[in-house]
Amino acid sequence: MRPLNEMSIQYIKGVGPARKKLFSQLGVETVEDLFYLFPRRYEDRRQMTPIKNLVAGEWYTIKGTVMARGGHRTWFTKKHVFEAAVEDEGAHLTCVWFNQPYLDNYFKPGSRVVLHGKVDTYKNRLQMVAPEYEIIAAQDETLSLGRIVPIYPLTRGMTQRYLRRIMKFCLDHYALQLRDDLPESLRRKHGLPSLSQSIARIHFSDDSTSQELAQKRVAFEEFFFFQVSVILRRLSLTQKPGVVHQIEDAVLEEFRQAFPFKLTRAQSKVIDQIAKDMRAQSPMLRLLQGDVGSGKTVAAFFGCVAAWRNGRQSTIMAPTEILARQHFESLQGLIKPSSLSGLRMGLLVGSAKKEEKEEIYRQVQSGQIDLLIGTHALLEDVVHFQNLSYVVIDEQHKFGVRQRAILSAKGLNPDILIMTATPIPRTLCLTLYGDLDLSVLDEMPPGRGKVTTRMFRQEQEQEVYQMVRRLVAQGQQAYIIYPLIEESEKLQLKAAEKMFERFVEQEFKEFRLALVHGQMNRKQTQATMEQFRNKNIDILVATTVLEVGVDVPDANVMVIEHAERFGLAQLHQLRGRIGRGQAEAVCLVVADPTTSEAQARLKALLSTNDGFRIAEEDLNIRGPGEFFGRHQHGLNELKVANPLTQLDILELARTEALELTRIDPYLHQGHNVIIRQVIQKRYPAYLVNVEAG
Ligand code: ADP
Ligand code: MG
């Protein structure tokens, strides 16, 4: 018989070519995929609420028989209204749906239905508005009634009861063929059921205890393979011989003295850690976390200097051109008057002219550039270093494991430092980034002003502009930030361009204003930013292009308009642009949050300036999938496991993974060969460098 992952869903009884297309829309091609289409929730239909016991304002699941139904249009709004009267033990309930005239085809008098929704009062009678519905036929009562019923994600044209029927059929016929990749010994040790049993119970179970155990088993398995792959990846990279850098203490001392400012204690500590790693033979793999403005770039730059003093090259990869350019310019500005001025830097970005790029390629290959800063343009095949030994990747959540591997392959097992301004909450860091050592910049450079954040409603905008006028009149510079540039009818946002014109004529007519936005070309944006930095502009109206960089120490006032539309991390990054000089900084947040998520974001922003606490809140609000982004570390492969809510299972899996790889790091022995195959399949990027030893 064909393996389940090759058995097309199309040939299952009751599917066929047309329905296969619907399954495709749910991401289901094979029987195995179907098994992993997990319910989005369950409904306990062992006991449903009788209609006579319903109370307004609550959510219920009820079952009953359709007595009458009909549709009409309201004469006023011309909306279509479909109504059905449902009876259960002599009591009746009216259910209403708007603009779904086709419901007439489903709700036949006499059909048995299950409805799930909120009960409200309308004209002194109880009713359910737009409940979820399911028409039950006699033959599928056993799947849809009198039990805990799975509710699946659906696509148009597919019903719950159809999906349940196909699922049940496949489980009955094929579940036993599911291959169990988890070692038997681990299963027994932790009392976990077999895979086929677990999958069956996740779909249809009789009690919630066995269902929880089934879910634990599937989560454990996912975490386990994920952790084994993370650990193997680290082993494979650190076991290779890297470059041994000679770093005399004098080089460290020289670096500490090179700049007009004194390094923070945290920076100094991180530099020591980098030096220690670079002196060692085993390649560095380190994550540097630090809030916006904590001085990550300067700390990371130490490694470039160390490589250079060893006659070697280094590179810094940033996620955007603006950021790459800013690193380039600020580092050049820093070293020019210092003893490090001999370090030759180059900049490589996608938008540069062909000849410019070719010149850079040539200089890098011939060793005339010591430090190449750039965007993902660095990843291209045409970029060859003469002897790259130190790699910095900025804002790691924008790049994936694979891109990291491509860049490091341009050297001979170079030392790698990854920087991120989105701190990962401590509880998760080790487990998700178990392949990296950790450095933290938990201290801001001194003399940084404090940022005071205040929130206003849209209707208070004149109050906000009045404050800005007062501060700018005192010699401050201000940003006014918008989430969009074009007016969008739908969202009714005041766009930056339109407001800019108004500001020039009204609110800020006595000041010098400029506008920058994402659609402007680079030259224009840069010229404007330069003028702002030189204090030739008082107020800069901008869209989020600002988010990614620009250092203007004298700009200490920021207005963020429509702040409810920004993500929390983004708001924090924006706010990090001010408070860099000596003066007290104010961030004026203008927002009318309508969703509870938006309210939670703004509340978090107001409550703290600490990037770690912000990140923790953000993670709570958004959940790990959104928080870490799509490229993150195999997290996409986690279908059921949730590292936030199942941290205990994650830790258990990590302990077992460490034990396994300690005993058999190459996964040669017995069942471990299968573990290796699974990882090869699920996390290919993690095995690029692993050779059986
Ligand atoms: P991050 O990348 O963490 O946001 P940067 O490294 O870009 O921070 O530093 C932000 C600014 O602070 C830069 O202008 C940098 O030159 C400056 N800076 C870095 N370290 C210090 C320090 N120890 N004291 C004062 N200013 C510093
Ligand atoms: Mg930076």
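Just follow the structure's listing: the first ligand is 1, and inside any ligand the first atom is 1. FYI, the numbering just counts along the sequence from 1.
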Problem set entry | Thr264 neighbourhood, listing ligand 1 atoms whose heavy-atom distance to it stays under 4.0 Å | 23 (N)
Problem set entry | Ion pair check, Glu530 and Arg533, cut-off under 4.0 Å | yes
For this session: List every atom of ligand 1 that sits less than 4.0 Å from any heavy atom of Leu263, numbering the atoms from 1 in the order shown and giving each element.
Result: 23 (N)
Problem set entry | Which of the ligand 1 atoms, numbered from 1, are nearer than 4.0 Å to a heavy atom of Val298 | 6 (O), 19 (C)
Exercise. Can Lys262 be said to touch ligand 1, with heavy atoms closer than 4.0 Å?
Worked result: yes
For this session: Ignoring hydrogens and angles, state whether a donor on the side chain of Ser339 or Glu254 is under 3.5 Å from an acceptor on the partner side chain.
Result: yes
Exercise. By number and element, which atoms of ligand 1 are closer than 4.0 Å to a non-hydrogen atom of Thr297?
Worked result: 2 (O), 5 (P), 6 (O), 7 (O)
For this session: Considering the heavy atoms of Asp291, write down every atom of ligand 1 situated less than 4.0 Å from one of them.
Result: 3 (O)
Exercise. Is it true that Asp249 and Arg279 make a salt bridge, defined as a side-chain N closer than 4.0 Å to a carboxylate O?
Worked result: yes
For this session: Please list, chain by chain and in numerical order, all residues satisfying salt bridge (charged side-chain N to carboxylate O under 4.0 Å, His left out) with Glu359, sequence neighbours excluded.
Result: Arg362
Problem set entry | Residue portion contacting ligand 1 (non-hydrogen atoms closer than 4.0 Å) for Leu441 | neither
For this session: Check each of Ala299, Ser294, Gly295 against atom 5 (P) of ligand 1 and report the one with the nearest heavy atom.
Result: Gly295
Exercise. Quick one: which ligand 1 atoms are inside 4.0 Å of a heavy atom on Val292?
Worked result: 4 (O)
For this session: Please list, chain by chain and in numerical order, all residues satisfying salt bridge (charged side-chain N to carboxylate O under 4.0 Å, His left out) with Arg470, sequence neighbours excluded.
Result: none
Problem set entry | Heteroatom distance test (Gly293, ligand 1): nitrogen or oxygen, under 3.5 angstrom | yes
Exercise. Are Glu329 and Arg325 within salt-bridge range, i.e. N to O under 4.0 Å?
Worked result: no
For this session: For ring-ring contact (aromatic ring centres under 6.0 Å, His included), just list the numbers for Phe511 and Phe503, CA-CA rounded to whole Å, side-chain angles, deciding distance to a tenth of an Å, and then say yes or no.
Result: CA-CA 9 Å; Phe511 300 117; Phe503 287 153; over 10 Å; no
